[in-house]
Amino acid sequence: MLNFGRSRVVDGTTQPSKMSRNATSHNLPRLFRNENIQPIRKLRPVSRDDNTAKNKRKNVLSPSHMMQGLGTKRSAFADVTNGMQRLQIPRKVLSINDRLKSKTSAAKRQPPTIKEEVSTEEVNATLYLSALEELDGKAQSQPEYETTLVKVPERASSAPPVSVRNKIQARVPHIPTPHTPPPGVNDFDKETASDTSSISVYAAYIFSYLKSREDKYSVKPNFLDQHTEITNDIRSIVVDWMVEVQETLELNHETLYLAVKNMDLYLSNPKYPNMKDPAASRPIKRTRLRLIACASMLLAAQYDERLPPPTSDWLQMCDNDFTAAELNSMQQQLFYALDFNLGAPLSYRFLRRYCRACSIDIDLLTLARYILEAALMDSQFSSESDSLMASAALWLAMCMVKAPSDKAVRRDLWNEGLQHYTGYKVTNFEGLAARLNAWIRSLPKVHLKTVYSKYSHKVFRKVALIPPLADL
């Protein structure tokens, strides 16, 4: 039986080992080589008062450190404070790849000569260089260069950091300053200053900014004329299906409004990242409209929902007529056509702001929501301003409840507070409100019944059962 030593015992006699010393040193691990075995000293207890013994004990390696070949442990504070002594800045600047790939001969580097006091940037450079040395693994792989500490000038407090490149400065959008409420009008933002959820400090600026961005997300009038196979009736059926999907998956109402806005913007100006795709052809075919609607809702849900439904749920809503690859491809086309802008101003958000600021009750708010949601199914309202649509729907709801037959009182319902927070007078949206009233009155209850059935429920206070105006 072979022994790791130099001899073996066979039949009571000692014989030299068959394995040569060179073979043993090459084939055995490092810890088992005879020439590398070092005796381990026993650690004796030292007194706390003996400073010399303390210094000796600090330099003794623990068994785990001896196995790994590591040095003594240092605290984080010691690493930072000793960084100035270990700072080495090469005269020849090398890239990271050159530092990692260099395999030059081993050479002892001269210790750096400290010329002047170093700064914070030099300490950061020290830590950076030490990290690169750890990645190299061996000191022999370091390139030969002469090191010298260089004084780094301190930057002024107003100057940008060294690591920041100010080649292109971001353009800050202009946010119109909202007007202060006139005398006699309650300052809603000041009243809700203690409510953190209302963000009253920024609310007026947010809606002023959204109102200024409406032109960027405007839909072309008569945008369906460029698509020969898509008519207003077909689009109404698809939007009615989108409302049903929103109720089934329990999505936010903002998701529904944003999905319809995305679909109309795509139909208004379709753009394709890959024109070689045979599916990317103008005009859009009728069979692809539901795929576009589903991709619009998926994109809106990913933007607005906290937990958007998975792709499998959307495919199930489409009766599995499309594959996941087709849905993802359509979603990419939508994102490209929208120029990667998803923060479109929505009439639903404006309506909630107006009703909260002017203390409108929940019944009028729900009726105005029904009017706006029913208007989503008609393409004639897609090109209208969202803030104007919210104002017209709110005024129409007030007329339907408070003045169904008295024309003289209707304009007085739009008080000074509503004029301030909306920025519109009755003359600005009176014609639009008349068109909304005509659409609700002629809304078909057979193939477009989802919105009507939804707001006829007691949860929505049965506001759909309120008759529209007959003389507006």
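Numbering starts at 1 and runs along the sequence shown.
Counting non-hydrogen atoms of other residues, nucleotides and ligands closer than 6.0 Å to CZ of Arg435 gives a total above 12. More than 12 heavy atoms of other residues, nucleotides or ligands shown are found within 6.0 angstrom of CZ on Phe460. In the displayed structure, Glu247 atom CD is contacted under 6.0 Å by more than 12 heavy atoms of other residues, nucleotides or ligands.
Aromatic pair Tyr354/Trp395: centroids not less than 6.0 angstrom apart.
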In sequence, state the C-alpha distance, the side-chain angles, and the governing distance for Leu418 and Leu394, and then conclude on side chain to side chain contact (heavy atoms under 4.5 Å, CB included). CA-CA 10 Å; Leu418 288 169; Leu394 180 57; 4.1 Å; yes

Val401 vs Asp363, side chain to side chain contact (heavy atoms under 4.5 Å, CB included): CA-CA, chis, key distance, verdict: CA-CA 9 Å; Val401 174; Asp363 293 333; over 6 Å; no

Derivation of the side-chain hydrogen bond (donor to acceptor under 3.5 Å, both in side chains) call for Thr255 and Gln246: CA-CA 8 Å; Thr255 303; Gln246 181 259 332; over 6 Å; no

Give the C-alpha distance, both sets of side-chain angles, the deciding distance and a yes or no for side chain to side chain contact (heavy atoms under 4.5 Å, CB included) between Leu267 and Leu224. CA-CA 7 Å; Leu267 295 177; Leu224 293 180; 4.1 Å; yes

Is there a side chain to side chain contact (heavy atoms under 4.5 Å, CB included) between Met400 and Ile371 once you walk through the steps? CA-CA 11 Å; Met400 292 171 59; Ile371 297 172; 4.1 Å; yes

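Applying the salt bridge (charged side-chain N to carboxylate O under 4.0 Å, His left out) test to every pair with at least one member in residues 177-195, sequence neighbours left out, gives these pairs: Asp189-Arg353. Residue pairs satisfying the salt bridge (charged side-chain N to carboxylate O under 4.0 Å, His left out) criterion with at least one member in residues 412-423, sequence neighbours excluded, are absent. Within the structure, ring-ring contact (aromatic ring centres under 6.0 Å, His included) pairs that include any residue of residues 212-254 comprise His253-Tyr348 (at least two apart or interchain).
In terms of heavy-atom proximity, Met263 sits nearest to Ile292 at CG-CG2, 4.0 Å. Among all heavy-atom pairs drawn from Leu436 and Leu396, the shortest one is CB-CD2, 3.9 Å. Heavy atoms only, all atoms of each residue included: Thr422 and Ser391 are closest at CB-OG, 3.7 Å. What you find for Leu365 and Ile360 is that their closest heavy atoms are N-CG2, 4.3 Å. When all heavy atoms of Pro404 and Arg410 are compared, the closest pair comes out as O-NH2, 2.9 Å. Heavy-atom minimum distance, Glu229 versus Lys285: OE1-CA, 3.6 Å.
Relative ring orientation between Phe335 and Phe340 is described as perpendicular, the plane-to-plane angle rising above 60° on a 0-90° scale split at 30° and 60°.
Between Asp304 and Arg349 there is a salt bridge, with a side-chain nitrogen of the basic residue lying less than 4.0 Å from a carboxylate oxygen of the acidic one. Ionic pairing of Arg235 and Asp264 is present here: one or more N-O contacts between side-chain nitrogen and carboxylate oxygen are shorter than 4.0 angstrom. Under 4.0 Å is where a charged nitrogen must lie from a carboxylate oxygen, and between Glu244 and Lys454 no such pair does. Using a 4.0 Å cut-off between charged side-chain N and carboxylate O, Glu254 and Lys261 make no salt bridge.
Two residues are said to be in side-chain contact when any heavy atoms from C-beta on lie closer than 4.5 Å; Leu256 and Glu373 meet this criterion. Thr177 is not listed as a side-chain neighbour of Ser208, based on a closest heavy-atom distance of 4.5 Å or more. Using a 4.5 Å cut-off on side-chain heavy atoms (C-beta onward), Val243 and Met377 make no contact. Residues Leu364 and Asp361 have side chains in contact (heavy-atom distance under 4.5 Å, counting atoms from C-beta outward). With a 4.5 Å cut-off on side-chain heavy atoms, Phe322 and Cys294 do not count as touching.
Because its NZ or CZ atom is not both nearer than 6.0 Å to the ring centre of Tyr421 and within 45° of the ring axis, Lys211 does not count as a cation-pi partner of that residue.
For Asp313, there are no side chain to side chain donor-acceptor pair (under 3.5 Å) partners, not counting sequence neighbours. Tyr266 meets the side chain to side chain donor-acceptor pair (under 3.5 Å) test with Gln333; sequence neighbours excluded. Qualifying side chain to side chain donor-acceptor pair (under 3.5 Å) partners for Ser379, counting only residues two or more places apart in sequence or in other chains: Asn232.
With no hydrogens or angles considered, no side-chain donor-acceptor pair links Ser200 and Ser198 at under 3.5 Å. Side chains of Ser387 and Glu214: a donor-acceptor N/O pair is present below 3.5 angstrom, by distance only.
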